[in-house]
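Everything on this sheet refers to the single structure shown next.
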Amino acid sequence: MKKIMSVMVAAMMVAVGFTGCQKNNSKKSGSDKIKLEMYYYKQENQEGLKTIIKAFEKDNPNISIDLLIIPNDADSAMSARAAQGELPALLQMQSYSRVKEYAERGYLVDLSNEECMKNVLPSALPAVTYEDKQYAMPMDFAGIGIIYNKDLFAKYNLEAPKTYRDLEKVCRVLKQNNIVPFAGLLKENWSVGHFITMIHTALLDEKNISVEKFIQDMNAGKTSYGVVDTAKLFSILDFYRANMNSNAAEMDGGNQQQSFARGEAAMMVQGLWAYVDALKLNANLNAGFVPFPVYNDASKNKMYADVDSTFAVSAQASKEEQRAAIKFLEFLASEKGSELWVSEYKLTNSFAGGDFSSLGEPYADLMKSVAEKGSNPWAFSQYPSDVFEDSCKNGAQQYMMQKREANSVISNIDSQWAASTNK
């Protein structure tokens, strides 16, 4: 889901956008065919999206869609496009803050009364709402937790951990049998960015602080990221690092999936997008999915789950392009589009009545856990974008690499958050 792109590649993408995708090229010369550009960041799912687009184009022969693939970290590329009034007509965006920021700047079309929104689950609407209007259509509901190898667990008579104490035991037994507990991923910063915010969000609960209250107080400068038990926060990061591959600092997302898929590591802390990729490496992979247990009270350990991606329509596109883009959203929200999203994109969706049984047991585990215990929202999606992209991701990675102290990570998050909300 979330890969890093270098500044150089992001700059090249901007150049491509400016030279090859100008608004005056939205129609083919001498034709009534409307040509849309779609920006999206989920590069791990691109083949499935291409299949969905082909199906849409077959049903709508007067519309074509060109893809611009930029990972979620390349917000500078889209900001540059927006400043030139050249945002793509269709935008795949992360939920909450990214949608709010773009809506606040007038970049997005209000979709509140569009047909495509009528089947969206009410619980998914906050992720795309700004000033009581919906500026994007929520798509996949995703979770981040522990994906574990059920066959390895059975071989060593282990049960999926329900408490932190259980997890410590699992790791101890695995290491005694020369199995790496957690497949590493420290070369890229996005995964440990998710990890630190997942643990931080869970720790808010023992302070009786809701995510909404925490975000409000941070925005108002009334609290600190260190409001939680930071000793516990960073001790869990230490535990996670101590139970990774010895070369975790050299491992990217592909290396993590390979380590897990071939049984070298028994677990990986990831979203289910990584399970889909691991299945491509090992079709016989037998996996389960559980919350990362922060507490020794099992009832308090919940999935870190929320609306992940959304689709929005650019207010900078022409009215004709906007209508065509909304047609694509209507297609995604239709029965046919919804089924294709699950079968080809391999993710859940945020529409009522979805059937996700074909996605495999880990997805069933996600939905069962959320149904039984609820979930912790993806708080990082509600942070100012630059705080998560810079201070959280980089801070967590630097801490895990032992290049930054814990108190420095906290103070940097606080200072950048203050700077972001005082712009």
Ring-plane angle category for [X] and [Y], please: parallel below 30°, perpendicular beyond 60°, tilted otherwise.
X      : Y      : result
His200 : Tyr225 : parallel
Trp273 : His194 : perpendicular
Tyr383 : Trp417 : tilted
Phe388 : Phe380 : parallel

Does this structure show an ion pair linking [X] with [Y], if we count only N-O contacts that are shorter than 4.0 Å?
X      : Y      : answer
Glu37  : Arg81  : yes
Lys133 : Glu131 : no
Arg241 : Asp238 : yes
Lys213 : Asp217 : yes
Lys150 : Glu361 : yes
Asp229 : Lys207 : no
Lys54  : Glu57  : no

Distance col, row Met93:CE vs Tyr107:OH, nearest 0.5 angstrom, shows 10.5 Å
Residues, nucleotides or ligands: over 12 heavy atoms within 6.0 Å of [X] [atom1]:
X      : atom1 : result
Glu212 : CD    : no
Glu206 : CD    : yes
Arg262 : CZ    : yes

Using the ring centroid of each side chain, check whether Phe195 and Tyr240 are separated by less than 6.0 Å. yes
Are the ring centres of Tyr102 and Tyr135 closer than 6.0 Å? no
Donor-acceptor contact present, side-chain [X] to main-chain [Y], <3.5 Å:
X      : Y      : value
Gln257 : Asp277 : no
Asp166 : Thr163 : yes
Ser411 : Asn407 : yes
Asp306 : Asp308 : no

Determine whether Met251 and Asn245 satisfy the following criterion, side-chain contact (heavy atoms from CB on, under 4.5 Å), listing intermediate values before the conclusion. CA-CA 9 Å; Met251 295 177 67; Asn245 308 69; 3.5 Å; yes
Those residues that, when tested against Phe234, pass ring-ring contact (aromatic ring centres under 6.0 Å, His included) (two or more places apart): Tyr399
Please tabulate, one pair per line, all N/O donor-acceptor pairs under 3.5 Å involving side-chain atoms of residues 167-181, not counting sequence neighbours.
from	atom 1	to	atom 2	distance (Å)
Lys175	NZ	Ala242	O	3.3
Asn177	ND2	Val173	O	2.8

Can you check whether Glu104 reaches Tyr130 side chain to side chain, under 4.5 Å on heavy atoms? yes
